Amino acid sequence: MSAPANSVLLPALRDRVAAIGADGRARALEAPGGAPVVPLGHAGADRMLGGGLRRGAVHEVRPAAAGDAAAATGFALACAARFSRAGGLPRPWLWVRQDLAGRETGEPYGPGLAAFGLDPGALMIVAVADARDVLRAAEEGLRCRALGLVMVEPWGDPKALDLTAARRLALTAEASGVPALMLRTGAHAGPPGAATRWSVAAAPSRPLPSLGRLSGLGRPAFAAALERLRQPGCIGEGGSWTMEWDPDEHLLRDPVAPARARPAASADGPAAPAEPAFRRAG
C-alpha cells in the first residue's frame with residue numbers, strides 16, 4: 001500500500017465508518033479484573049475466560065490442521081459476530097486481508113455471511129499484497145473507536161509479524177478498546193502477545209430437526225482448543241470444547257441432541273410407524 005493510496009483510502013474508510021455506526025456504541029460486560037469482555041455464549045468457555053473475550057485485545061485463531069482452514073475462519077466469524085453485536089445492534093467492522101489469503105481460501109461471500117448471522121453491509125474489506133501493509137492497515141483501523149472489531153489476515157508466517165508488530169497491535173487495541181481477531185489460516189506459528197490463542201478443527205454438526213430425515217447438514221460446529229490465555233479475570237490456562245454456532249441467537253453454545261418425538265397413540269391403538277423418507281427400488 002503506497003503512501004498516496006493511504007492518503008485516499010483511510011479518510012474514505014473513516015467517513016464510511018462514521019456513516020454506518022454513528023447511532024450506536026457497543027456495551028460489554030465487566031470481567032472480575034475490570035476489563036470489558038464480550039461473552040461467547042458457551043458456558044464452559046466463558047467461565048474459563050472470566051466472562052468472555054476481552055475487548056481492546058488481540059485474539060488469534062488458527063486451524064488445527066491444514067484441512068481445517070474453513071473451520072478456523074468460521075470460528076473467527078462467530079467471534080466477529082459476537083463482537084460486532086456487543087451493543088445489541090451490528091456495528092461496522094473491518095477485515096484486512098493479504099491477497100494471497102483470498103486466492104488460497106476464497107473471498108468473503110455476502111449471502112453466506114448473512115446466513116451466518118453477519119450483516120454484509122456492515123463489513124469493510126481492505127485487500128493488500130504485502131503482510132507489512134496488512135499490519136499497517138489493521139493498526140490504523142484499530143484506532144477507530146466506532147468499529148466493532150478488526151479482523152487481521154496475513155498469509156503464512158511473514159517476517160513482518162514479529163514481536164514488535166504484535167506488540168504494536170496489542171497496544172493500539174488496548175488504547176482504543178477495539179478488539180482484533182488475528183486469523184492465521186496459512187500459519188504454523190504465532191508471535192507472543194495475543195490475549196487468547198485458539199486452535200480450531202471441524203466438528204460433526206447435528207441435523208436440524210426442522211428438516212427431519214432429509215436433513216444432512218446442521219449448524220456450524222467447531223472443536224475449539226484454547227491454547228493461550230492471558231487476560232484479566234481468567235480462572236484457568238486453557239481448555240477444549242465442542243461449540244455450535246447459533247445464527248439466530250448469534251452465540252456459540254454446547255451442541256444439544258434434538259429430542260426424538262414419539263408417535264402419538266390413537267383410540268384404535270398405537271400409531272403406525274412413520275413411513276421412511278425413501279424406499280428401495282424393486
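Please read all numbers here as calculations on a predicted model, not as lab measurements.
For the pair R132 and P154, the minimum side-chain heavy-atom distance is 4.5 Å or more. For the pair L252 and F222, the minimum side-chain heavy-atom distance is below 4.5 Å. Inter-residue side-chain proximity for W198 and L226 is flagged as met; some heavy-atom pair is nearer than 4.5 Å. At least one side-chain heavy atom of T196 sits under 4.5 Å from a side-chain heavy atom of L49. Side-chain contact between E244 and S205 is absent, with no heavy atoms from C-beta onward closer than 4.5 Å.
Summarising the local packing, CZ of R143 is surrounded by more than 12 heavy atoms from other residues, nucleotides or ligands at distances under 6.0 Å.
With rounding to the nearest 0.5 angstrom, the CG atom of L183 is 11.5 Å from the CZ atom of F75. Atom CG of L113 is separated from atom CH2 of W95 by 6.5 Å, given to the nearest 0.5 angstrom. Rounded to the nearest 0.5 Å, atoms CZ (R197) and CG (L229) are 11.5 Å apart. Note that the CD1 atom of I125 and the CE atom of M151 stand 10.0 Å from one another [nearest 0.5 Å]. The CG atom of L149 sits 9.0 Å away from atom CG of L142, with the distance rounded to the nearest 0.5 Å. Atom CG of D119 sits about 14.0 Å away from atom CZ of R91, to the nearest 0.5 Å.
In plain terms, the two heavy atoms of A195 and A57 that are nearest each other are CB-CB, 3.8 Å. Of all heavy-atom pairs between S199 and E227, the closest is CB-OE2, 3.2 Å. Listed here is the closest heavy atom pair of G41 and L251: CA-CB, 4.2 Å. F116 and A78 make their closest contact through CE2-N, 3.5 Å (heavy atoms, listed as atom of the first residue, atom of the second, distance). Scanning both residues, V96 and A137, for their nearest heavy atoms gives CG1-CB, 3.9 Å. Shortest non-hydrogen contact noted between A72 and R62 is CB-C, 3.8 Å.
For A114, the side chain to side chain contact (heavy atoms under 4.5 Å, CB included) partners at least two apart in sequence or on another chain are P120. Every residue was checked against the side-chain hydrogen bond (donor to acceptor under 3.5 Å, both in side chains) condition with S84, not counting sequence neighbours, and none meets it. Every salt bridge (Lys or Arg N to Asp or Glu O under 4.0 Å) that R97 has, sequence neighbours left out, goes to E107, E153. Looking at residues two or more places apart in sequence or on another chain, you find a salt bridge (Lys or Arg N to Asp or Glu O under 4.0 Å) between R168 and E139.
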Check: Checking ring pair (Phe, Tyr, Trp, His ring centres under 6.0 Å) for the pair F83/W93: CA distance, chi angles, key distance, verdict?
Finding: CA-CA 9 Å; F83 278 126; W93 58 290; over 10 Å; no
Next item on the list: Evaluate the criterion side-chain contact (heavy atoms from CB on, under 4.5 Å) for residue pair L53 and R82; output intermediate values, then yes/no.
Entry: CA-CA 9 Å; L53 293 178; R82 295 298 297 159; over 6 Å; no
Item checked: Test log, rule side-chain contact (heavy atoms from CB on, under 4.5 Å), inputs L118 and L77 -> CA-CA 8 Å; L118 287 160; L77 290 174; 3.9 Å; yes
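A salt bridge does not link D130 to R136: none of the charged side-chain nitrogens sits closer than 4.0 Å to a carboxylate oxygen.
Panel note: side chain R145, backbone S176; a donor-acceptor pair is recorded below 3.5 Å. Listed for the Q231 side chain is a donor-acceptor partner under 3.5 Å among the backbone atoms of R54.
Members clustered with Y109: none, using a 4.5 Å side-chain heavy-atom cutoff among hydrophobic residues. L100 belongs to a hydrophobic cluster whose other members, connected by ILVMFWY side-chain contacts under 4.5 Å either directly or through intermediates, are W155.
One hydrophobic cluster, built from ILVMFWY side chains closer than 4.5 Å, cannot hold both L161 and L171; they sit in different ones.
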